[in-house]
Amino acid sequence: MNQTPDLFAPTPALREPIDDGAWLLRGFALDQADHLLEAIQQVAAQAAFRHQVTPGGHTMSAAMSSCGLLGWVTDRYGYRYGSRDPLTDQPWPEMPPILRQLAVEAAEASDYAHFEPDACLINRYETGAKMGLHQDKDEEDMDAPIVSVSLGAPIRFLFGGLARTDKAEGWKLEHGDVVVWGGPSRLFFHGVAPLGKRAEHPATGAMRYNLTFRKVRA
Ligand code: MD3
Ligand code: FE
């Protein structure tokens, strides 16, 4: 038996358990944040941020874009993933490698090996924008985790359980934070509280961006 500590074993990234299968990696994206924000602007130059309308007729307060093979679309007829941006009828912009790489590394650090996202949704929040409690269940592959990256102004994230009425816990998500949701937590209700009036960050002013990486097709 070798009792000598292995000085060269990889150190696991500092991670905080949120729930079964869910990890908060505080500051995981911090050193790349400027490059990630540039990549977001490049995507937005081809697929502009837009406020989509839900089937219930409500205009979403968060503006959205997408990149990768698939993007998420909602309109009066329903929600779906599609391969073209309805604003331009063009394929969604390719997922910038720097974004994909970060998501794969965060999944790996959370013990989800071989994550291959085919969609990256980009949410942009301005003061007062929010996202009500919902489940992400439009994806075919529920074995894959969802990786989320927060950039810019901080927000209060709400995380409940499998039932809409389960009590939701609040977490602060800040610039550079990454959260990985898989296993039992994959279908939990979640949302974000309205972006505060004084919430800001030097890199984005009063705006917050959230990237979510998904594997939609099984
Ligand atoms: C928990 N976005 O795009 S990210 C979404 O901050 C979404 O923009 C929020 O919910 C945002 O669908 C929250 C954190 C998050 C994302 C996906 C999850 C938490 C999740 C999927 C399952 C469980
Ligand atoms: Fe969600």
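When a ligand or atom number is given, it counts from 1 through the structure's own listing order. All of these numbers come straight from a predicted model, not from anything done at the bench.
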Working for side-chain contact (heavy atoms from CB on, under 4.5 Å), residues Tyr79 and Val73: CA-CA 6 Å; Tyr79 309 115; Val73 174; over 6 Å; no
Show your working on side-chain contact (heavy atoms from CB on, under 4.5 Å) between Gln52 and Asp75 and close with a plain yes or no. CA-CA 7 Å; Gln52 302 195 94; Asp75 57 24; over 6 Å; no
Worked check of salt bridge (Lys or Arg N to Asp or Glu O under 4.0 Å) between Glu169 and Lys167: CA-CA 7 Å; Glu169 225 191 301; Lys167 197 176 183 310; over 6 Å; no
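Protein residues having at least one heavy atom under 4.0 Å from any atom of ligand 1 are Asn123, Tyr125, Met131, His134, Asp136, Ile146, Ser148, Phe157, Phe159, Trp181, Ser185, Arg186, Phe188, His190, Val192, Arg208, Asn210, Thr212, Arg214, listed by chain and number.
Using modelled atom types, one finds a donor on one side chain and an acceptor on the other under 3.5 Å when comparing Gln101 with Glu105.
Arg164 meets the side-chain hydrogen bond (donor to acceptor under 3.5 Å, both in side chains) test with no other residue; sequence neighbours excluded.
With the Fe ion (ligand 2) as the vertex, OD1 of Asp136 and NE2 of His190 span 90° to the nearest 10°.
Between His190 and Trp181, the angle of the ring planes stays under 30°, which puts this pair in the parallel group of the 30/60° scheme.
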